[in-house]
Amino acid sequence: MSLESAPIETKLAIDLIMLLENHNLPAQVVLDALKIVQKDFQRKADQQVSPPLE
């Protein structure tokens with residue numbers, strides 16, 4: 001499978017990995033930052049209004 005046909009989340013993950021690796025930060029610092037990011041995006045996802053199930 002080529003990157004062009006990869007799912008959007010795979011493309012985003014690759015972009016994020018490249019960005020983070022370019023900063024040459026310790027792995028634990030990156031993992032701690034990703035926990036913060038995950039909490040923030042989970043909060044945003046939880047706040048999205050879902051249509052009621054009928």
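What you see is a predicted model; the values in this text were computed from it and never measured.
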Self-check item: side chain to side chain contact (heavy atoms under 4.5 Å, CB included) partners for L34, two or more places apart
Solution: L20, V30
Quiz item: Among all residues two or more places apart in sequence or in another chain, which pass the side chain to side chain contact (heavy atoms under 4.5 Å, CB included) test with I14?
Solution: L3, T10, M18
Donor-acceptor contacts, no H, no angles, side chain residues 38-47, under 3.5 Å, sequence neighbours left out:
{"residue": "D40", "atom": "OD1", "partner": "R43", "partner atom": "NH2", "Å": "2.7"}
{"residue": "D40", "atom": "OD2", "partner": "K44", "partner atom": "NZ", "Å": "3.1"}
{"residue": "Q42", "atom": "NE2", "partner": "D46", "partner atom": "OD1", "Å": "2.9"}

Self-check item: Hydrophobic cluster (4.5 angstrom, side-chain heavy atoms) - remaining members for I8
Solution: none
Self-check item: Co-members of the apolar cluster containing L31 [side chain, <4.5 Å]
Solution: none
Exercise. With sequence neighbours excluded, give me every salt bridge (charged side-chain N to carboxylate O under 4.0 Å, His left out) pair touching residues 2-16.
Key: none
